[in-house]
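Here is the structure we will look at.
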2 protein chains.
Amino acid sequence: MIDAATVLLDEQGEGGVTLRALAKATGVSAMAPYRHFPDKAALLGAVAEAGFAKLAAVLTEADRATPAKAALVAQGLAYFRFAQGHPAMFRLMFGGNPGCTVAPKEYGEAFAILTRRVASLAGGDAGPATLAAWGVVHGLSTLALDGKVPAEDDVVTAAMALVADGIARAQPSSL
Amino acid sequence: MIDAATVLLDEQGEGGVTLRALAKATGVSAMAPYRHFPDKAALLGAVAEAGFAKLAAVLTEADRATPAKAALVAQGLAYFRFAQGHPAMFRLMFGGNPGCTVAPKEYGEAFAILTRRVASLAGGDAGPATLAAWGVVHGLSTLALDGKVPAEDDVVTAAMALVADGIARAQPSSL
DNA sequence: GTCCTACTGTGTACAGTGTAAACAAGGAGA
DNA sequence: TCTCCTTGTTTACACTGTACACAGTAGGAC
């Protein structure tokens, strides 16, 4: 059922995921999903969790690049491409729907992969640097999805390189 | 009518903006909005445009800080606070709704304010640097809205300072 | 003054949505 | 065999966006 919802999400966008369409896709009556999920938000939450697992896998794969800085840039690019490849899923994962909460454990795994990589570059307190790195890829990914920024790999690569450079050097002066 | 929709958006969130509720708020029949907007998406588009105008005003105000680097950080902080202060509006402005398109001219104005500031810092080709700066504040803003990152000013300030530092120095080595 | 036209608003109706309630089939354990 | 739990179905309801036909109201032409 989660798989069917994922397919529906990819093919028809967020608006296409209705309980009736989902029921039809799984060959079942319209009310059957309520036996497995308390409501639609819970179902979408489960779909989003599956999406985070997939994202974590993608990031892990990208993180194999060397040296460390290239691995960070590769992670950013993989994140960006995931978003462009699965726009509706990405939007669902990141707070499109109120009430559709994802357990921190789920997105925490993807976040941990990034944190480890940044820590290997920065040393010391990597918290702000990690958030900066996450922020820039996430921001460019969503802006590109909305057409406000060109959806080109170069954009992400350049921005990530800038941030990675900033991280690798000494901590910047405050302000 | 756009004002009423904005109020509804701020108070009840995105889901609360229905044509019937909007009509009731303006003391008019449910179908009256269709005399002014072809459909709901167009109405929301107009609301989003008003939001971009407000955002541009906020950024202009923040950009007065000196020196230039502080102005950039202030812009980022203002952007972030705007998002936290008007979550539903912010989500609407940035691609929540398909078909609800905002003219590039509208968000371009806000973007131009940022571009000018980055150019004053970077000199030369400020394009990638501008996108990086926009990306990081936008990313942190949306992540904070979704509760995936703490909604604290310090986070944005630190990240913006890092990016601003990266911009102010020489262009980073590619990759 | 009278008519025509455009604009704005109303009322009704319909399809699609999430979901609550009552009921049915089928297997597990006593 | 009887009972209960899980899963699924059917029906029904409130709410949504919106298409359609109609009404009032202002301004200009004669």
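Proteins come first, then strands; the chains are lettered A, B, ... in the order of their sequence lines, and each starts at number 1. Not measured: the values here are computed from a predicted model.
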Please tabulate, one pair per line, all N/O donor-acceptor pairs under 3.5 Å involving side-chain atoms of residues 54-61 of chain A, not counting sequence neighbours.
from	atom 1	to	atom 2	distance (Å)
A:Thr60	OG1	A:Ala56	O	2.8
A:Glu61	OE1	A:Arg64	NH1	3.3

Salt bridge (Lys or Arg N to Asp or Glu O under 4.0 Å) partners of A:Asp153, counting only residues at least two apart: A:Arg81
Starting from P on D:dT16, measure out to CG on B:Leu43 and report it in whole angstrom. 15 Å
Should the pair B:Lys148 and A:Tyr107 be classed as cation-pi, given the thresholds of under 6.0 Å to the six-membered ring centre and 45° from the axis? yes
Counting only heavy atoms not in A:Glu109 (residues, nucleotides, ligands), do more than 12 fall under 6.0 Å from its CD? no
Here the distance between atom P of C:dA20 and atom CZ of A:Phe37, to the nearest Å, is 16 Å
Please give, in whole Å, the distance from D:dT16 P to B:Lys24 NZ? 9 Å
Under 4.0 Å protein heavy-atom contact, by nucleotide of nucleotides 24-29 of chain C - B base, S sugar-phosphate only: ------
Take atom CG of A:Leu44 and atom P of C:dG18, then tell me their distance rounded to the nearest Å. 9 Å
Would you mind reporting whether A:Met1 and A:Phe37 have side-chain heavy atoms less than 4.5 Å apart? yes
Would you call the rings of A:Trp134 and A:Phe94 parallel, tilted or perpendicular, where under 30° means parallel and over 60° means perpendicular? perpendicular
Do you know the tightest heavy-atom contact between A:Ala133 and A:Ile167? CB-CD1, 4.4 Å
Any residue meeting side chain to side chain donor-acceptor pair (under 3.5 Å) with A:Asp39, in chain and number order, not counting sequence neighbours: none
Are there any protein N/O atoms within less than 3.5 Å of an N/O atom in nucleotides 12-15 of chain C, and if so, which ones and at what distance?
none

All N/O contacts under 3.5 Å from nucleotides 5-8 of chain D to the protein, with atom names and distances to one decimal?
from	atom 1	to	atom 2	distance (Å)
D:dG8	OP2	A:His36	NE2	2.6
D:dG8	N7	A:Arg35	NE	3.1
D:dG8	O6	A:Arg35	NH2	3.1

Check the distance between C:dT8's P and B:Met1's CE and give it to me in whole angstrom. 12 Å
Which class fits the ring pair B:Tyr79 and B:His138: parallel under 30°, tilted 30 to 60°, perpendicular over 60°? perpendicular
Heavy atoms of B:Ile2 and B:Ala50 approach each other most closely as CG2-CB, 4.3 Å
Under 4.0 Å between a Lys/Arg side-chain N and an Asp/Glu carboxylate O for A:Lys69 and A:Asp165? yes
Between B:Lys40 (NZ) and C:dT17 (C1'), how many Å, whole number? 13 Å
Atom pair distance, as rounded to whole Å: OH in A:Tyr34 and P in C:dA21: 12 Å
